[in-house]
Each structure stands twice: as C-alpha cells, then as structure tokens.
Amino acid sequence: MTTAPPTDHASLIRALDLPAKVALLTGATSFTLAPEDRIGLRELRLSDGPTGVRGLKFHGGRVVALFPNATLLASTWSEDSAYEVGRLLAEEAMAQEIHVVLGPTINLHRTPLGGRLFEAYSEDPLLTGRIAAAYVRGMQDNGVAACLKHLVANESETDRNTVDSVVDETTLREVYLLPFEIAVQDAEAWSIMAAYNNVNGVAATEQDYVNNGIVKGEWGYRGLIMSDWFATKTVAPAANGGLDLVMPGPGGPWGEALVAAVRAGEVDEKVVDDHLARLLLLAERTGALGAPRSYGTYPAPDSPERREQLTRLAAQGITVLKNDDDALPLTSAQTVALIGRHAVQTIDMGGGSAQVNPPYQVSVAEGLTARLGDRVTVVDGVDVRIRPVPARGGFLVDPETGEAGIRTILYDADGTVLESRHCANSATMVGMDDDFTGTVARAVLRGRITGSGTVELGAMGVGDWRVAVGAQSVEFGLAVTGNGFGEEVLTPPLRTDVYQVREGDELEATVRLGGAAEVFAGVGLFGLIGHPASRETVDVIDEAVRAAAAADVAVVVVGLTEEQETEAVDKSTLHLPGAQDALVEAVAGAARRTVVVVNAATPVVMPWLPRVDAVLWAGLPGQEGGHAVAATLLGDIEPAGRLVTTFPAEDEKSPAWSVKPVDGKLVYAEGPYLGYRGHYADRAPEPAFWLGHGLGYGRWEYAGTRLTADAPATVTTTVTNVGTRTSREVVQVYFAPAESDQPVRLAGWAAVTVAPGESAQVTVPADERMWRRWDARSGSWARLSPGGELLVARGLGDIRARLPLG
Ligand code: BGC
C-alpha cells in the first residue's frame, strides 16, 4: 500500500484553542488518544509490540498471535523475514483497529545482563537498524505505524526510571543512535518512544539535543515522539525538549500546566502546534484522520496460515551452536529421551509489556511427540524458578464453566457484585485494565484443582487475603513492594502454602482491598498460584539419567524464564537457574548422545559444552515454539540462524558487564567496544561464541573472495556447500578500520541457499555508514581514513578471507 502525501494540517490546528490543542497531547486512556470531532480526528489506538499486538489491555486481553521474540527474528539475518513479521503484525493490528504498534525495540545488547535484551535485536547497530527498517516497512506499507523504542541509551533495567546513562557523544552517534537513524532514514518510522532514563544528565523525554537537534533537526524526522509510559516528569522542559505526546493518560504532567506554561511564555504556542501537527500526521498516516480506512478480515491467531508462518519464522532463527559428528538432525529411527522443565513448559516469550495472550503455546514435548509418537519419552526436569507463577496449563479450571483458568468475582463496598468474569489462559488479572464497572472493594478468585496429591497453592497481589482449600484456610496480608510501577505488575507480593488435595477440590481466595483499592484500580496484578509441589532434585536427575541411558539420544531442554528475561529487572549472572547444569552433566554422562536445546533469548554460560554432542539455540520461539524446535531437530526446516550477540565464556568476561548505576550514573565506559568489537580488540577474553556464529546443517568452503567495488566497498565470493543437505549461508563482511581508536564492525551481509555439492556467487555491498566517524571537536561526521581491511567471516571466530583496503 502506498500512502498519499500528508496534507498540511495548519488549518485544523488553527480551528482549536490552546486548551483543546493541549488536551490532545496526553493520552485519553492507557492505550488510546482522544478524538476531536471539530477537526475530524478519530480515536487513535496504540498497542504493545513488539512480538504480538496485545491490544488495549495490559493483561488478560484478547487472544492474539505470539510471534518469535526479537533476537530469534534477528537471528535469521533476513530482512525478508523481518518485513514479513512487520506485515503480519500489521494484520494483527488491523484485526483490532489498532493504529500504532509499540515496537520495534532497537536498544542494543550492551551487557548480557540486560533484562530486556530478548525484546531487542542485537549488540550490533547495523544489524539492528536493518532488521528494524525492514520490520517497520512491512508494518507501515500496510498503514499501521511502528514506534521505535526506546530513544536512547536504554540498554538495561536497573533503576530504569532514574538512571543517567553516561555516553560520550561519539559512541552515542556511531553506536546507540545508529539503529534509530537507519530506521528513520531507510524506513521513515512514523513514531518514536522516548525512554525512561536520562542521557548525559538530561531526561530522554526532555532531550532537546537528541529529539530536536539530531532526530527532528539533522535527520529531518517528521514523525511523532511519545513518552514511555509514565516517563514524563516535567512540563516546559519536556514540551520544549521535543516530546510531542505524553503517555499514558488521562493524567500526567501536561494538561492545564502546559496551557499555563504557554500563557506564562515558558513554552511558545508554536511548539504546541508542532507537536499537534506531528500527531495529526500520524493520525492521517494511520487512517485516524481524513478518509477512514477500511479493514478486512485477517487470519485468526490459531489459523493454519499463522501456524505455518510462526513455525517457519521461529525455526529459521534457531541456531546450531555445536554439532559434533552430525548429531543433528536426528534420524527417524532414533529413540529420544526428551528431558527438562523447558521441554514440558517451554518458555515462548519474555516478561513485561511485550507479553501477549496467545491462543496456545506448543511445548517442545508436544511438538516432538507429534512428530515421533512413542519413540519419545518425556521426563520433566529440575525446578527453574524461584518465584511461584500463576497457575497454568489447566491446573485450575473455572468452577462455573469447567474451562481452563479461573472465575473472578468483583464486589463493591456494599457487597454488590460488579462483575463475574472468566479469566482464561492465565489465573491473573491486572488492575490497570480499565474496564471495571465500579470501585472494587473485594474480589473472590476461584479455581477447581485438576491435580491431586501434594500441591503448592496461594495468591498474589496487594491486599488482605483469605485462602481456602477444602476445609483448610489461611489469612494473610500482602503489602505493596514499593519497587515502582513495573515491579508491582511483574513481581507482585505473594504467599504460597503446601496442601494435600484431591482432584476436584476448590481453591477460593478472597482479597479485601481496603486502603489498597487504588492499587487494584491502578496497576497491581492479582492471581491464584497452583502447581504440583517440587520434587527432590536428586530424584528428578535420577529419573532423567535412567531415561537417557535407555534411549538412542537424549535431548535436554534448558533455559531461562521471565524471572531473568523481563522488563524492569536485570540479570545478575549468565548461569542457568536451578540445578539445570547438573542435570545436563548427569545426562551427558549417561547418554549415548546428548543434544542440548537452550530455550532463552540471551547468552547463558555452558560449563557442560565439551561433554555434549550438539547445542541448538531456540530463543523464545512464540506460540508455535514446540513445532519449530521439533522441525529443526529433525531437519524438516534448517535451523539456519546466526547469533546476534556474542556469548561470553563466563560471567564478567564481556567488554561491558555491570548494569548497576554508581551514584545514579551508568557509564558506558567501553565506548564503541561493546560485544564482539571489544572481544576482537582483546578488551575481553575469547568468547564462547561470536556474533554471527551458527553452523546450520551445511558445510562451507569459500573461494575467489575479492573486492569488486570501492564505494561502497563490495565483496564478491563463491561459497560451496560441501555438506550433505541444502543449506542457507550468511556471508558476513566486517570492516577493521586503520584508525587504532575505531573498533572492527559489521559492514554488510548477504545470504544464499545452496544445494549440497553446489556453489553460488554472493555479492555483499558494505554500508557506507560504517565508514563514518563522529568528530566531536567539529561536531560533524568525517570519513574514516583510507586503509584498514575487510574480513569475510562466519562470525569473527571463523574468518575465511582478509581483504586489505587501499
Ligand atoms: C515499556 C514500553 C511499553 C509501555 C507500554 C513501558 O513500561 O517500557 O516499552 O511500550 O510500557 O506498555
């Protein structure tokens, strides 16, 4: 779809008085903007992204498709796949008449501890920018706006509302702003989100230098900059600092205070008009202003089309890290012991605002059993979480309807029932969902237990609780954690107890909100907890070892959960949680062959690496995860992914590590030497795996590698697949500048699919932007001096050719 040239909205703006204009510059609700009949502006609807279009509710909203997470998408190194994801997300948005999807997240993987890296593409700015630009085009070509987030220097979560990211200007320009610049220049993203943090002492929402100077000034950006949710702290500094829209609403610092600031001469009315002009342009581009757009019908989240698309997209990004003696793909004759908590409860998404409510989530156990039937023996693994999670997978059913989930009944202060609702797919609800029909004073959450024996049951959320199971009951109060908005939703206070139950027993929890009613109506998350009680680790490992010894091959699925990979909280280690390493070691000691599948988006340390035969990196694969993993294990789809971030060999052995601000400041002291750039410059030891590493199921020889053009530098090479299976090769070109203060950097890549025994010529044009350096003294871009070399590599641990530049 091509968009008509935007119209001049000056006359529409003139038709409104100052209060009416300002009223439009703060959201009307959590995820909508107010309509204004006088100028034909309709309600504009926003939804998180980036791996599904959740809709207007934060939690428990409509059922939508869950896509593979951002790192898994980027691992395809395919702009076609990114474009396709953007297009499909636009369909998911149009099905809900959503105008703006809050994604892609294009912050970088600076330190592997960042809790939110699963939502962002890579440690490399060029890869991030190009994948993002393709995703944005796919979305916007269908009339749905993308939103680049979070501008800028928002690479970790610790103290995220207050932290000051200290980044020298050269690094800011050459590294952290580059993905935004690429997505603005190459795809003209229609909106951008300003981050929570400060950048060099100034709040991102007040960054006149970045927002007005660079983005709107130097880049000529015509789109809209909105705040991250609740990030705006001021009136005049934010309005003058290039922030166009405060989110969410209806409260917030602007409103009457901004009207007063204009009247007091602190903010020029022209500034308000410019913000509104950008909002109107966004509305016009997305069909909320001018001719109304028509919507069609789109594939349902559980339709055959989505199932095929989501399986294929996830499988393409899955990455082979190790594959000794062709342990993979599995053959159809082998018997398999499939082991691990992540095999039975596969983690398909990270935590926080990127979560969606999918129609189903296929576990690896379901996916592999569907293909191999009784040749698979499934064995649950060791515990992987510290915090209990809401009941899942039908452990509780609604006593009224018998459906998986719970029944929640809301009462007002007089004891009148406000609402009785079924909460499906999850035993939780969030106060932030703004569709309550009154002030809730008491809520009763009920679920019938489908298991029996020793179980752990409880409740989560702020309030005074009474939890009853059969004849037993406990009463307790849960207080506000005081950790701030995100944390109240992500990690609410909870309590659990162990009970003996019979199938069909009912769990009923009553919460009195009292003084905490505002929290309920505001942001808190409430839910029922229920799952079988933990078993002794040694018993679990014994069972796994017996199954492994009895099968031809053991497949152990390990990984992280949303305790590690989440918004609002960073990691403290790259080691797998619980006794997962011990489980892998024990299985590897007993099995004929051991394949490890890692179900995580970001680096983990693998102490057992030398003792296993193969490692498959599965990311957070979305609702079709189990089918995608099965397809790659069996070779139905090649796991042709290449890593998008470098895996340190051990904790702390990366160029940037700590995410803890010191005196409120997080100093990006490594400058541009993050990830592979720093490892290559010996600022950190040899990593376990380099960005760009990935074996696929082919085997490659390179020949005749040469420079075929100078500006932009273009490399041509011939790759031959000397393996036995058709495979996709990603030819990567890195540039090592002559300047000693400039790190090596990815400069371009191209991919080709080749049958066994065949060759193909591949041409890789390098991106000219990788030859720039920011000259802080003159405040302008300069071109790097001639010389240096190009490295043609399969990740910098496997360099196939070096081409000196003249
Ligand atoms: C996140 C944003 C998200 C917003 C709305 C914030 O907490 O940082 O990425 O789009 O919430 O849910």
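Both ligands and their constituent atoms are indexed starting at 1 by order of listing.
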Would you call R42 and E97 a salt bridge, using N to O less than 4.0 angstrom? no

Quick check on contacts: which atoms of ligand 1 are under 4.0 angstrom from a heavy atom of L102? 10 (O)

Which of the ligand 1 atoms, numbered from 1, are nearer than 4.0 Å to a heavy atom of S353: 1 (C), 2 (C), 3 (C), 9 (O), 12 (O)

Considering the heavy atoms of H150, write down every atom of ligand 1 situated less than 4.0 Å from one of them. 2 (C), 8 (O), 9 (O)

Taking the side chain as every heavy atom from C-beta outward, state whether L281 and R222 have any atom pair closer than 4.5 Å. yes

When the side chains of residues 658-666 are checked against the rest of the protein, which donor-acceptor pairs come out under 3.5 Å, sequence neighbours left out?
{"residue": "S658", "atom": "OG", "partner": "K660", "partner atom": "N", "Å": "3.1"}
{"residue": "K665", "atom": "NZ", "partner": "D164", "partner atom": "OD2", "Å": "3.4"}

Mind checking whether W229 has an N or O less than 3.5 Å away from an N or O of ligand 1? no

Within the side chain of W254, is there an N or O that forms a donor-acceptor pair under 3.5 Å with the backbone of T234? yes

Do L243 and M226 have side chains that get closer than 4.5 Å, going by heavy atoms? no

Contacting atoms of ligand 1, where contact means under 4.0 angstrom from a heavy atom of K149: 2 (C), 3 (C), 9 (O), 10 (O)

Assess F230 for proximity to ligand 1: is some non-hydrogen atom of it under 4.0 Å away? no

Atom 9 (O) of ligand 1: of E119, M193, R116, the nearest heavy atom sits on R116

Taking the six-membered ring of F31 (Phe, Tyr or Trp), confirm whether the NZ or CZ of R45 is under 6.0 Å from its centre and within 45° of its axis. no

